[in-house]
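What follows is a short report on a single structure.
Because the structure is predicted, anything quoted here is derived from the model rather than measured. Reckoned from all heavy atoms, side chains included, excluding hydrogens, waters and symmetry mates.
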Amino acid sequence: MTKKFYITTPIYYVNARPHIGHTYTTIACDTIARRHRMLGDDTYFLTGTDEHGQKIERAAQAAGKTPQQFADEVSGEFRALWKRMGLTNDDFIRTTEDRHKRGVQALFRRLRDNGYIYKGSYVGQYCVSDEMYVDVGSGEPCPECGRITETVREENYFFKLSAFADKLLQLYTEQPAWIRPETRRNEVISFVRSGLKDLSISRSTFSWGIPVPDDPKHVIYVWLDALANYITALGYGSADTSNYDKYWPADVQMIGKEIVRFHCVYWPAFLMAAGLPLPKGIMAHGWLLFEESKMSKTRGNIVRSETILDVLGADALRYFLLREVVFGSDGSFSFDALVQRYNSDLANGLGNLASRTLTMITRYFKGEVPYPSHAAAREPADDAIAEIAADAIADFNGLFDTFQFSKALDACWGLVGAVDKYIVENEPWALGEKQDENSRARLATVLYTSAEGLRIATALAHPVIPDSTARIWTQMGLDDIRKFDLTTLKWGQLRLGTKLGEVQPVFPRADKSAIERMQKMEEQGRPAAVETKPEAVVAPVAPVPAAPAKAPASVPDGKIGIEDFVKVELRVGVVKVAEKVKNADKLLRMEVDIGTEMRQIVAGIAEAYAPETLVGRKVVIVANLAPRKLRGLESNGMIVAASLEGGQPVLAGFLEDVPVGARLK
């Protein structure tokens, strides 16, 4: 029986154009949805836009447009961007659609009929930016975003939120994985234990919203309106509830950490009161920091996804966000880090492996996957690659299912690195120059093993970088990768004699000009600061004036300024593997663990240090140095050492115990 899988993004508020923060959440959901389709699951992926509320009404008025015109324009930009990126959402819900209005009114009636809604009066403070009532004094700032609140006096409908404190705490206790990560769960528990007050769920001082059934002078509170999208998109409240009956409850609801309260307190309380099933889990990711500052429209440091798409393409952005950032925690974004990751992992990693493997099969075996002709051609290294591939499949699946995308990709790229090392050590180009039977058989074994490792890495990576992996898959002469059954993935499935397609580079290496172009595009196209409601990835912050541009400080000849020094990223690593490089007396090849990843580094220290003395030693490396090739090996970083008289190197170290991955400042 086919298993169903339903995943949702938060619906994005139309107070401003889409940016990389919205893209982050949506890429994560798209990747999960793609993988579940490859696993054979009946998958439904929902996203959309949140278009009601007092702030939208005011923003439209300021722009000289009707609220509907304003919402249409911004919602259209979201849909256009998702289409350009090739996202696979099955539906795009807008809260101004009739189907949504009918569903919200049906939910309101159900809550009212079940005795959880009553009419009362409210006098207190309201944050327009957050669309939220707050418990502060008149004229005081909102505790969430810091903006000055407004005093509201109006008749409202109230939801009996206070009646659900015990049920919510029971939910969090009995299903500890219902809110992830644990830090968010602890925050929610603390909030509920501090006491829940009944929640106003209507407004009567503005009209841009869904009318309350039987009382049209009230419009339904924007968060009850917005949260209901997850079921109204499936047909809740309509004549056709087949999709609702099939897909609800959602398997994963992905949100940014700043809207945890709405999704983990209000949303389950509404569903409990309505007698409807709860989603199976809420996953709250962290914020993206741009050069160590929270991205915010008020700060003017928002990065547009289009900039990256124009220069490096969608797959580069997808891979960077899921590989670089530990999902659930805050993560940093910079154009320098993006290009470095693109070059090291995609251009020099998977792309180089595909190019060299398929090119050699074309050259030595006329473009057909070769057949190792006899058992004598096999060596232990061949079986080792098969074992590494099996481990990569198991590790990737387990980590991905728990949203540990960065570690899952690290496992996949561990296979890429192992196959790359295998090729270097077995030197198929040298075997190809020989014509004896044993050399030809060995060459066939090496290239088949390399191609099979490439196939498995490509299949695992497909949900993350779909366009690039589809191209590699086609070059390997294989069928549509989207139809590949990921549950069957194992070693040995590459058919002998498979005819390759045309071999072409997939990831052209990006030079420094790529960074400069993206920076220039952002400077020219950055939108003006706009007030913001909390939404996925964008931190609610008080308005901050843009700092004036500073001229570079003059420094004495031969000196550098602090702005140059801070560009160098120094990290503590521990050497896991050290060995001499063939035919190179001065070079050692090392594998160095820097906490977040394993780096291969080639250093000219072989005359001063025996390889066995380095294993387990902590070293300092320059982590953001562009990769380079030494004797055919890629060196991804530089070991820091002092140079004594005569040129003898002495490695930098520590007297105190310093954790692996620590940054030196």
Side-chain angles (χ1 to χ4, degrees), residues 343-345 348-349 352-353 356-357 360 377-388 391 410 413-434 438-439 442-443 445-447 449-450 453 570-595 597-623 625-654 660:
N343 281 333
S344 63
D345 289 16
N348 297 334
N352 182 57
L353 176 62
R356 73 196 309 195
T357 300
M360 285 190 285
R378 295 198 61 77
E379 293 186 3
D382 310 328
D383 296 327
I385 293 296
E387 292 175 4
I388 292 170
D391 289 342
D410 191 38
W413 258 253
L415 172 59
V416 171
V419 176
D420 198 49
K421 178 184 176 184
Y422 169 83
I423 291 173
V424 170
E425 292 178 343
N426 285 275
E427 300 182 333
W429 47 86
L431 293 170
E433 298 301 314
K434 302 174 182 179
N438 286 339
S439 295
R442 182 64 196 149
L443 175 61
T445 299
V446 170
L447 291 183
T449 301
S450 302
L570 298 174
R571 297 277 290 274
V572 177
V574 61
V575 179
K576 295 293 188 180
V577 175
E579 59 188 15
K580 289 189 174 182
V581 176
K582 291 181 181 179
N583 303 319
D585 295 338
K586 296 182 179 181
L587 297 181
L588 288 182
R589 187 193 76 86
M590 291 170 283
E591 294 178 20
V592 183
D593 181 1
I594 62 169
E597 61 180 300
M598 193 74 71
R599 293 283 189 92
Q600 174 174 278
I601 297 177
V602 181
I605 58 174
E607 294 180 333
Y609 293 92
E612 61 272 14
T613 65
L614 293 175
V615 176
R617 177 165 178 164
K618 288 183 179 177
V619 293
V620 178
I621 76 162
V622 180
L625 190 67
R628 62 173 181 158
K629 287 287 185 70
L630 294 170
R631 291 296 180 100
L633 297 174
E634 180 179 278
S635 182
N636 197 359
M638 176 184 286
I639 298 286
V640 176
S643 180
L644 303 182
E645 279 191 37
Q648 180 181 354
V650 177
L651 294 177
F654 307 94
V660 172

Exercise for the section: Taking side-chain contact (heavy atoms from CB on, under 4.5 Å) as the test, write out the residues that go with Val640, two or more places apart. Expected result: Leu570, Val620, Val622, Ala652
Problem - Residues forming a side chain to side chain donor-acceptor pair (under 3.5 Å) with Ser439, sequence neighbours excluded - result: Asp436
Problem - side chain to side chain contact (heavy atoms under 4.5 Å, CB included) assessment of Arg571 paired with Val592 - result: CA-CA 11 Å; Arg571 297 277 290 274; Val592 183; over 6 Å; no
Problem - Distance (rounded to the nearest 0.5 Å) between Met360 CE and Leu447 CG - result: 5.5 Å
Completion exercise
Smallest heavy-atom separation, Ala578 atom then Val615 atom, equals N-CG2, 4.1 Å
Fill in the blank from the handout: Value for CD1 (Ile388) from CG (Asp391), rounded to nearest 0.5 Å, stands at 8.0 Å
Exercise for the section: Would you indicate whether the side-chain heavy atoms of Glu379 and Asn426 approach each other to under 4.5 Å? Expected result: yes
Problem - Under 3.5 Å donor-acceptor, Gln600 side chain and Glu634 backbone - result: yes
Handout entry: Any Val575 side-chain heavy atom under 4.5 Å of Ile601 side chain
Key = no
Fill in the blank from the handout: CD1 of Ile605 to CE of Met590, rounded to nearest 0.5 Å, is 4.0 Å
Problem - Any donor-acceptor N/O pair, Thr357 side chain to Leu353 backbone, under 3.5 Å - result: yes
Handout entry: Closest approach of Val419 to Gly453 (non-hydrogen atoms, all atoms of both residues)
Key = CG2-CA, 4.1 Å
Problem - Pro611 versus Leu588, closest heavy-atom pair with distance - result: CG-CD2, 3.7 Å
Completion exercise
Sequence neighbours excluded, the answer for side-chain contact (heavy atoms from CB on, under 4.5 Å) partners of Ala641 is Pro649, Leu651
Practice task
Compare every heavy atom of Ser635 with every heavy atom of Gly637, then report the nearest pair and how far apart it is.
Solution key: O-OG, 3.3 Å
Exercise for the section: State which residues pass side-chain contact (heavy atoms from CB on, under 4.5 Å) with Ala584; sequence neighbours excluded, sorted by chain then number. Expected result: Val581, Leu587, Arg631
Practice task
Applying salt bridge (charged side-chain N to carboxylate O under 4.0 Å, His left out), name anything that partners Asp383, two or more places apart in sequence or on another chain.
Solution key: Arg378
Completion exercise
Sorted by chain and residue number, the side chain to side chain donor-acceptor pair (under 3.5 Å) partners of Glu579 (sequence neighbours excluded) come out as Arg589
Practice task
List the steps, then state whether side chain to side chain contact (heavy atoms under 4.5 Å, CB included) holds for Lys421 with Glu591.
Solution key: CA-CA 11 Å; Lys421 178 184 176 184; Glu591 294 178 20; 3.9 Å; yes
Practice task
Applying side-chain contact (heavy atoms from CB on, under 4.5 Å), name anything that partners Asp345, two or more places apart in sequence or on another chain.
Solution key: Tyr319, Arg323, Arg341, Trp413
Problem - Qualifying residues under side chain to side chain donor-acceptor pair (under 3.5 Å), relative to Asp382, sequence neighbours excluded - result: Tyr422, Arg442
Handout entry: Audit row: Leu443, Lys434, side chain to side chain contact (heavy atoms under 4.5 Å, CB included) steps and yes/no
Key = CA-CA 10 Å; Leu443 175 61; Lys434 302 174 182 179; over 6 Å; no
Problem - Asn636: partners by side chain to side chain donor-acceptor pair (under 3.5 Å), with sequence neighbours left out - result: none
